[in-house]
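Below: the structure, in structure tokens.
Here is how names work: the chains are called A, B, and so on, in the same order as the sequence lines, proteins then strands, and each is numbered from 1. We use all heavy atoms of the structure for the numbers below, so side chains are in, but hydrogens, waters and symmetry mates are not. These numbers come from a predicted model, not from an experiment.
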There are 2 protein chains.
Amino acid sequence: MKKKTTIYDIAKELNITVSTVSRALSGFPAISDTTKKAVVEMAKKLNYSPNRLASALKSGKTHIIGVIVPSVQAYFFASIIHCIEDGLKDSGYRVIIYQSNESVENEINGVRTLLEAQVDGIMASMSLETQDVSHFAEIIKQNKPLILFDRVNAELNVPTVTLDDYRAGYMATQHLIDQGYKKIALVTTVHQIKIFNDRLKGYKAALADNNLPINDDYIVFGGLSIKDGRFGAGKLMRMENKPDAILAGDDFTALGVIKKLKEINETPPEVGVIGFANESFSAYITPNLSTIDQHPAQMGTECAKMFLKMVGQENPYQDIQHIVLDPTVVERQSTGKLPS
Amino acid sequence: MKKKTTIYDIAKELNITVSTVSRALSGFPAISDTTKKAVVEMAKKLNYSPNRLASALKSGKTHIIGVIVPSVQAYFFASIIHCIEDGLKDSGYRVIIYQSNESVENEINGVRTLLEAQVDGIMASMSLETQDVSHFAEIIKQNKPLILFDRVNAELNVPTVTLDDYRAGYMATQHLIDQGYKKIALVTTVHQIKIFNDRLKGYKAALADNNLPINDDYIVFGGLSIKDGRFGAGKLMRMENKPDAILAGDDFTALGVIKKLKEINETPPEVGVIGFANESFSAYITPNLSTIDQHPAQMGTECAKMFLKMVGQENPYQDIQHIVLDPTVVERQSTGKLPS
DNA sequence: ATGAAAGCGCTAACAA
DNA sequence: TTGTTAGCGCTTTCAT
């Protein structure tokens with residue numbers, strides 16, 4: 001393997017010094033056009049490719065930002081990442097993705113790995129398991145931008161981009177009520193994550209505002225997955241006073257609920273079902289799934305904008321903003337109750 | 001922002017030299033247990049975090065490998081990545097993901113970015129647009145491992161992990177024939193990608209082997225997406241002598257086909273539909289979609305293994321292997337033709 | 001407009 | 001077992 005070309009090779013070839021080459025290559029103003037042109041040409045001729053590692057080591061800036069998400073397999077997170085990349089690419093920032101797979105341990109590892117890789121900032125959405133957030137504190141201590149999105153934590157005093165989850169829970173419940181459902185159950189996660197708590201509050205508030213009783217037996221705490229959805233629906237529908245609609249913690253859970261309901265011949269919209277996230281499949285299943293759109297694209301864009309703002313100031317945390325997006329109800333067949 | 005702790009700080013504190021610290025931290029054998037323990041303790045006390053950049057610059061190894069995929073939103077690619085990560089993590093390699101979004105330009109950018117970031121190797125699945133592959137040649141020139149998977153290119157003399165796509169095309173077609181369909185159409189991509197050509201050959205071979213005519217009008221060349229599926233199905237079903245089954249280029253396309261067929265009251269399995277990739281939604285749509293499983297998990301695992309083997313040898317390309325996996329038919333409702 | 005030189009944090013060959 | 005020292009490839013301050 002022949003040695004890679006460095007700025008030294010270019011300098012030697014042109015009988016100038018590395019500093020000149022460095023400046024010519026990085027668009028430094030005080031450089032003659034002749035020199036600049038010669039350098040650029042020689043660089044191309046020698047097939048020069050800069051070593052970002054070296055420049056990062058010296059400058060302390062890698063122009064790489066790390067994004068930690070539970071999983072990239074969810075369309076929701078994939079979309080956010082896509083928009084973060086998009087919003088950042090013009091500024092020369094690259095994104096590297098780290099998946100926590102809903103495990104705190106992986107998440108801690110992720111923060112460490114990214115920090116050791118000297119990323120210029122981190123954006124994260126927490127795993128379901130995460131309670132203690134001290135691993136994130138290290139990022140702040142290093143004075144690097146940390147932005148939390150969707151699954152955030154109030155303890156950490158950092159900028160956030162979230163959905164108004166209280167409203168989301170409220171709207172989903174209200175939608176079911178508007179459609180004529182009266183006995184509305186909730187299948188959600190046991191984990192103490194703010195957004196799920198907020199949704200729960202929204203759910204309860206909507207019931208209360210409509211003078212409907214809050215039945216604790218109607219609230220199933222479990223996981224969020226197709227399997228959990230099946231389980232939750234099964235449990236609910238075996239009750240004596242069974243619900244006539246189910247609000248599921250996310251679309252995967254809602255999918256499990258629907259599958260179960262179909263099996264026991266309570267096919268939606270007979271029993272109403274609504275999910276969260278507007279996952280890509282939700283429009284295609286039968287009956288297709290009503291859901292709450294959480295606007296991942298907008299969320300990603302806002303994260304990117306916020307990051308750019310933070311790196312622009314000497315103290316990234318001098319002005320901590322919290323952006324809250326409005327949820328939207330996506331009305332489909334699964335909540336289209338017919339008048340009885 | 002207070003300065004970060006370096007090995008110099010640890011050395012000074014302990015009155016030893018940086019080399020000792022470096023050795024103690026990296027598990028060098030010839031070091032006394034006392035020193036090692038003291039160093040590790042002091043490192044923890046000073047909240048030391050290594051700067052991988054510096055060590056990478058010096059050693060020439062970043063222990064990061066880059067993966068280029070068309071898009072992470074497809075479950076197929078997300079699964080591959082997941083298994084690559086899994087297969088590599090015990091060896092201390094980290095994965096960074098670059099999405100080409102099916103554009104050559106992005107792909108070229110991706111190779112450059114990853115190379116400049118000094119990754120230790122690259123795994124890639126090519127974009128639909130890619131014809132010229134010279135950007136990949138640079139990786140080989142640098143003598144870094146390059147592994148191509150799924151969407152590969154024969155020009156590049158590198159290890160590959162692929163599905164037997166000829167067989168996949170053949171099996172899908174044979175399955176439709178076995179189910180009683182006789183007039184089988186194909187909706188595929190215009191792009192000259194090997195795997196799609198192979199499938200086309202398999203499709204034709206299966207028809208020929210069953211003494212069924214090959215009707216060129218039954219082969220629609222377009223894109224691969226829900227929209228393209230709708231379009232292809234529409235075009236096919238408007239024909240005078242319309243097909244009784246459609247083989248779609250991937251599951252997204254198949255989904256579009258199904259939607260169109262339902263609209264025009266030719267709901268599968270009346271007209272048979274089969275896709276490729278076993279995307280996550282295919283089991284949940286109605287009718288649920290028969291498809292070809294391409295074993296992404298195995299593909300990812302093989303990529304990881306191959307990489308580890310390649311980095312272990314002084315010349316990574318001394319023994320170029322091509323791993324070919326066997327496709328599996330996943331039989332579901334969309335091809336469940338009833339005897340007429 | 002260009003050059004000289006120090007140094008980012010770490011590793012590793014050579015010495016002791 | 002530990003220390004000395006020379007870089008890895010680049011940026012940047014201070015001269016010129």
Could you go through B:Glu138 and B:Lys144, starting from their C-alpha distance and side-chain angles, then the distance that decides it, and tell me whether this counts as salt bridge (charged side-chain N to carboxylate O under 4.0 Å, His left out)?
CA-CA 9 Å; B:Glu138 181 59 30; B:Lys144 288 186 175 172; over 6 Å; no

Would you confirm whether A:Thr160, through its side chain, and A:His322, through its main-chain N or O, come within 3.5 Å as a donor-acceptor pair?
no

Between atom CG in A:Leu25 and atom P in C:dT2, what is the gap in whole Å?
14 Å

Take the protein atom CD1 of A:Ile16 and the nucleotide atom P of C:dA4, then report the distance between them rounded to whole Å.
12 Å

A:Lys61 has an atom NZ; how far is it from atom C1' of D:dT11, in whole Å?
14 Å

Classify A:Phe28 by what it touches in the nucleic acid, base, sugar-phosphate, or nothing, heavy-atom distance under 4.0 Å.
nothing

B:Lys44 and B:Glu41 ion-paired at < 4.0 Å
no

Parallel, tilted or perpendicular for A:Tyr93 and A:His63, by the 30°/60° rule?
tilted

Is B:Gln313 atom CD crowded by more than 12 heavy atoms from other residues, nucleotides or ligands, each under 6.0 Å away?
yes

Lys/Arg N to Asp/Glu carboxylate O, B:Lys194 vs B:Glu155, below 4.0 Å
no

Measure from the side-chain N and O atoms of A:Ser125 to the backbone N and O of A:Phe149, and report whether any donor-acceptor pair falls under 3.5 Å.
yes

Rounded to whole Å, the CG-P distance (A:Asp9 to D:dC10) equals 9 Å

Taking 4.0 Å as the cut-off, does a side-chain nitrogen or oxygen of A:Thr17 come that near to OP1 or OP2 on C:dT2?
no

Nearest-angstrom distance from the residue atom OH of A:Tyr48 to P of D:dG9:
10 Å

Which whole-number value in Å describes the distance from B:Asp33 CG to D:dT2 P?
10 Å

Quick one: bend of the helix from C:dA1-D:dT16 to C:dA16-D:dT1 from 5 pairs per end, to 10°?
30°

Output the rounded distance in Å from CG (A:Leu57) to C1' (C:dC8).
4 Å

Spacing between B:Leu53 atom CG and D:dG9 atom P, to the nearest angstrom
14 Å

Any side-chain donor-acceptor pair under 3.5 Å between A:Asn101 and A:Ser103?
no

Can you build the contact string for nucleotides 11-16 of chain C? Use B for base contact, S for sugar-phosphate-only contact, and - for no protein heavy atom under 4.0 Å.
BBB---

Short N-O contact, B:Asp9 and B:Lys4, less than 4.0 angstrom:
no

